[in-house]
Each structure stands twice: as C-alpha cells, then as structure tokens.
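All values below come from the heavy atoms of this structure, side chains included, with hydrogens, waters and symmetry mates left out. As the structure is a prediction and not an experimental result, all values here were calculated from the model.
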Amino acid sequence: MHLSPPPAVAAAAVPDDAFVLDVREAHEWDAGHVAGARHIPMNTLIDRIDEVPHDTRVYVMCRVGGRSAQVTHYLGQQGWDAINVDGGMLAWEAAGRPMVSETEAAPAVV
C-alpha cells in the first residue's frame with residue numbers, strides 16, 4: 001500500500017509561535033534544533049504520545065523530511081492536526097531560521 005504524502009509546509013512558513021515536534025535522534029538534536037521545540041525521537045513517540053498536544057497544530061521536523069513525514073502521517077491517523085516541515089532542519093537552516101544547540105558549539109544540522 002502506498003501512502004500519499006502528508007500535509008507539508010515550507011520551513012520558512014512555520015509560525016514563530018508554532019508547536020514544533022522534533023523526531024530526530026539525540027545527537028542530531030544536541031547539535032542544533034528549533035528553540036522551544038519538543039524533542040521526542042521517532043522510536044519513542046508511541047511511549048511519549050501524551051507529550052504531544054491535541055489543542056494546537058503540530059509541526060513535525062526531522063533532518064530532511066522523511067522521518068517527520070512518517071510521524072505526521074501517524075499523528076494524522078490518530079486525530080492530531082499535524083503537518084510535516086518540508087525539507088526538515090536542513091531547510092530550516094537554509095531559510096535562516098533561528099536555531100540553538102545543547103553544546104558549546106554553534107548550532108548545526110548533522
């Protein structure tokens with residue numbers, strides 16, 4: 001069965017006050033992420049699903065958009081208003097959107 005692509009939005013169009021769900025692995029998150037984003041690695045989402053709000057649109061982010069597309073599709077099936085951030089953190093960085101890191105180094109997408 002082929003899944004149609006989930007709803008998507010360009011990184012440059014994500015509202016500044018959006019709820020961003022980052023589904024990348026810890027080392028990717030530590031290197032650079034959206035300030036204020038919620039970090040729930042894709043492989044832990046089922047166990048941590050209660051951390052994803054139902055009362056707001058969820059912008060799902062990964063490095064390039066593949067993992068986030070899967071998560072967006074899953075959340076949509078479960079009743080969330082979820083939208084994939086097209087191009088992920090690479091597009092976010094390319095659009096000049098602000099990033100923070102959990103290390104002493106400047107934020108970067110790895």
Q) Which pairs, with at least one residue in residues 91-110 and sequence neighbours excluded, count as a ring pair (Phe, Tyr, Trp, His ring centres under 6.0 Å)? A) none

**Q.** Counterpart residues, side chain to side chain contact (heavy atoms under 4.5 Å, CB included), relative to Ala37 (two or more places apart)
**A.** Val20, Trp29, Val34

Q | Minimum side-chain heavy-atom gap Met61-Val23 below 4.5 Å | A | no

Q) Are Met42 and Val110 connected, step by step, through hydrophobic side chains (Ile, Leu, Val, Met, Phe, Trp, Tyr) whose heavy atoms are closer than 4.5 Å? A) no

Q. Do Phe19 and Leu21 touch side chain to side chain, with heavy atoms closer than 4.5 Å?
A. yes

Q: Go through Met99 and Glu93 one step at a time and tell me if the side-chain contact (heavy atoms from CB on, under 4.5 Å) criterion holds.
A: CA-CA 8 Å; Met99 299 184 337; Glu93 183 179 48; 3.9 Å; yes

Q: Determine, step by step, whether Asp86 and Val9 satisfy the side-chain contact (heavy atoms from CB on, under 4.5 Å) criterion, reporting the C-alpha distance in whole Å, the side-chain angles of both residues, the deciding distance to 0.1 Å, and the verdict.
A: CA-CA 6 Å; Asp86 197 27; Val9 64; over 6 Å; no

Q: Could you give me the CA-CA distance, side-chain angles and deciding distance for Val60 and Val85, then say whether side-chain contact (heavy atoms from CB on, under 4.5 Å) is met?
A: CA-CA 6 Å; Val60 187; Val85 178; 6.0 Å; no

Q: Could you tell me the separation between the CG atom of Asp81 and the OG1 atom of Thr72, rounded to the nearest 0.5 Å?
A: 10.5 Å

Q | Pairwise distance CD(Glu51) to OG1(Thr44) - rounded to 0.5 angstrom | A | 8.0 Å

Q) Of all heavy-atom pairs between Ala69 and Pro6, which one has the smallest distance, and what is that distance? A) O-CG, 3.6 Å

Q. Shared ILVMFWY cluster between Val14 and Val64, side chains joined below 4.5 angstrom?
A. yes

Q. Could you state the interatomic distance from CD1 (Ile49) to CG (Asp47), rounded to the nearest 0.5 Å?
A. 10.0 Å

Q. With a 4.5 Å limit on heavy-atom distance, are the side chains of Glu25 and Asn43 in contact?
A. yes

Q: Give a yes or no on whether the backbone of His39 and the side-chain of Arg48 come within a donor-acceptor separation of less than 3.5 Å.
A: yes

Q. If you look only at pairs with a residue in residues 99-110, which of them pass as a salt bridge (charged side-chain N to carboxylate O under 4.0 Å, His left out), with sequence neighbours excluded?
A. none

Q: Name all residues meeting the side chain to side chain donor-acceptor pair (under 3.5 Å) criterion together with Asp16; count only those two or more places apart in sequence or in a different chain, and write none if there are none.
A: Arg97

**Q.** Nearest heavy-atom neighbours spanning Pro53 and Thr56
**A.** CG-CG2, 3.6 Å

Q) Roughly how far apart are Arg63 CZ and Asp22 CG, rounded to 0.5 Å? A) 12.5 Å

Q: Working to the nearest 0.5 Å, report the span between CD1 of Ile46 and OH of Tyr74.
A: 3.0 Å

**Q.** Within residues 27-38 or reaching into it, pairs that qualify as salt bridge (charged side-chain N to carboxylate O under 4.0 Å, His left out) - sequence neighbours excluded
**A.** Glu28-Arg67

Q | Minimum-distance pair of heavy atoms, taken over all atoms of Pro7 and Ala82 | A | CG-O, 3.7 Å

Q) When Ile, Leu, Val, Met, Phe, Trp and Tyr are grouped by side-chain heavy atoms lying under 4.5 Å apart, directly or through other members, which residues fall in the same group as Val100? A) none

Q: Decide side-chain contact (heavy atoms from CB on, under 4.5 Å) for Asn84 and Val71; before the verdict, give the C-alpha distance in whole Å, the side-chain angles of both, and the deciding distance to 0.1 Å.
A: CA-CA 8 Å; Asn84 191 28; Val71 170; over 6 Å; no

Q: Measure the shortest side-chain to side-chain distance between Val52 and Ile40 over non-hydrogen atoms and say whether it is less than 4.5 angstrom.
A: yes

(Q) Do Pro15 and Tyr59 have side chains that approach each other closer than 4.5 Å (heavy atoms only, starting at C-beta)? (A) yes

Q) Can you name the closest pair of heavy atoms from Ala11 and Ala91 and give their distance? A) CB-C, 3.7 Å

